Amino acid sequence: MSDTQTQTQSGQRCQQKQNDDDDRFQVKLHNANLKNIPDDVLYHFALATNTHNLPEMFGDIKYVCCSGSPKRIGRFATYMQKELGVRLPPGSALENISNKTDRYALYKIGPVLAVSHGMGMPSVSIMLHEILKLTYYAKCKNVTFIRIGTSGGIGLEPGTVVVSDKVVDGRFRPVMELPILGKLIARPAVLHPQLANDIVHCRMSEDNFNIVVGTTMCTLDFYEGQARLDGAFCDFTEKDKKDFLQTAYAQGVRNMEMESLCFAATCHHAGIKSAVICVTLLDRLHGDQINISHDLYEDYQLRPQKIVARLIRRKLRLGSQADREDDY
């Protein structure tokens, strides 16, 4: 490594240290009521401010990575443990910190928090409220949130990884509408463009899949909202479906799922950098049902996880996983 590269990396580490010491970069929430709660119970994670030392447990968190199912996020946590070279005491294993509740799963892998968010926007909203409060009470700084998921592709080969540059609802609007006190509140769903660009540039030549940038449509349900013909109800024709999907494709939509709108809008409202990266399980222009083998499904799920692991290693300035194995 040249002297110039060494000086550059040293300068970047110093800048990061200055940012971490600066309270301006600490998680801040728009709720003055929190200061008046003597013991805030994060009910769905079985954590509380009086019974847990949240700054000690989570104060070093830099990345919050979210996926739908507890099983998937558990596998991601194990994968990240290997990728980050996090060693556990002999005879121990990664533990679900929220094992006293069956709502969500929560794992900590060094500076990475891995959490399941369930299915659909209501479940994502509950998770985000409580995890944002967790990072607030833990005095975390410079935190980035990333959703890693599965989706239905539009005009893409199954197994393609989509990095969202924009999120829209089922009416092509980039806002989340939320009824509060009888009034409809619209919150912009905004992702961090540089973070998305950084994720895209984590693709490597040996990857056997494509990464594309595109708009993600977030719907309220899996069947009618996504123009499926195979639900319990269907009040439209196959032509209606094809016209809708073609219109979506023409407007830049490359995949559909049910969580990204709430994820992007909530993180943006909290002033948190966020990104969404999903693998496509099928091309909706050619069918509605997901019919792939278990092994292929597992391979597809791992693809966005690999990309996110590379991003985090680069941001933390860690070498490749193979380099670390040589040091063991």
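The structure presented is a predicted model; accordingly, all values stated were derived computationally and were not measured. Side chains are part of it too, since the values below use all heavy atoms of this structure and drop only hydrogens, waters and symmetry mates.
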Fill in: Distance-only side-chain donor-acceptor flag, Thr78 / Gln81, under 3.5 Å
no
Item to complete: Fit a plane to each ring of His30 and His269, take the angle between them on a 0 to 90° scale, and name the class: parallel (under 30°), tilted (30 to 60°) or perpendicular (over 60°).
Response: tilted
Practice prompt. Could you tell me whether Glu177 and Arg187 have a side-chain N and a carboxylate O separated by less than 4.0 Å?
Written response: no
Discussion item. Salt bridge check, Asp198 against Arg314: does any charged N sit closer than 4.0 Å to a carboxylate O?
Written reply: no
Worksheet item: Do the charged groups of Lys241 and Glu224 touch, with an N to O distance under 4.0 Å?
Response: no
Worksheet item: If you count the non-hydrogen atoms of other residues, nucleotides and ligands that lie under 6.0 Å from CZ in Arg103, is the total more than 12?
Response: no
Worksheet item: Any side-chain donor paired with an acceptor under 3.5 Å for Thr280 and Asn255?
Response: no
Worksheet item: Is any side-chain N of the basic residue among Lys306 and Asp207 closer than 4.0 Å to the acidic one's carboxylate O?
Response: no
Discussion item. Within a 6.0 Å radius of atom NZ on Lys133, are there more than 12 heavy atoms belonging to other residues, nucleotides or ligands?
Written reply: yes
Worksheet entry | Test item: side-chain donor near acceptor, Gln289 and Asp230, under 3.5 Å | yes
Worksheet item: Between atom SG of Cys66 and atom CZ of Phe263, what is the distance when rounded to the nearest 0.5 Å?
Response: 4.5 Å
Practice prompt. Consider only side-chain N and O atoms of Asp40 and Tyr137, and report whether a donor and an acceptor are under 3.5 Å apart.
Written response: yes
Worksheet entry | Gln194 atom CD, neighbour heavy-atom count above 12 within 6.0 Å | yes
Practice prompt. Evaluate whether atom CG of Leu220 has more than 12 neighbouring non-hydrogen atoms of other residues, nucleotides or ligands under 6.0 angstrom away.
Written response: no
Discussion item. Quick one: does any side-chain atom of Thr247 pair with a main-chain N or O of Asp243 as donor and acceptor, under 3.5 Å?
Written reply: yes
Practice prompt. Inspect the surroundings of NE2 in His52 and state if more than 12 heavy atoms from other residues, nucleotides or ligands are less than 6.0 Å away.
Written response: yes
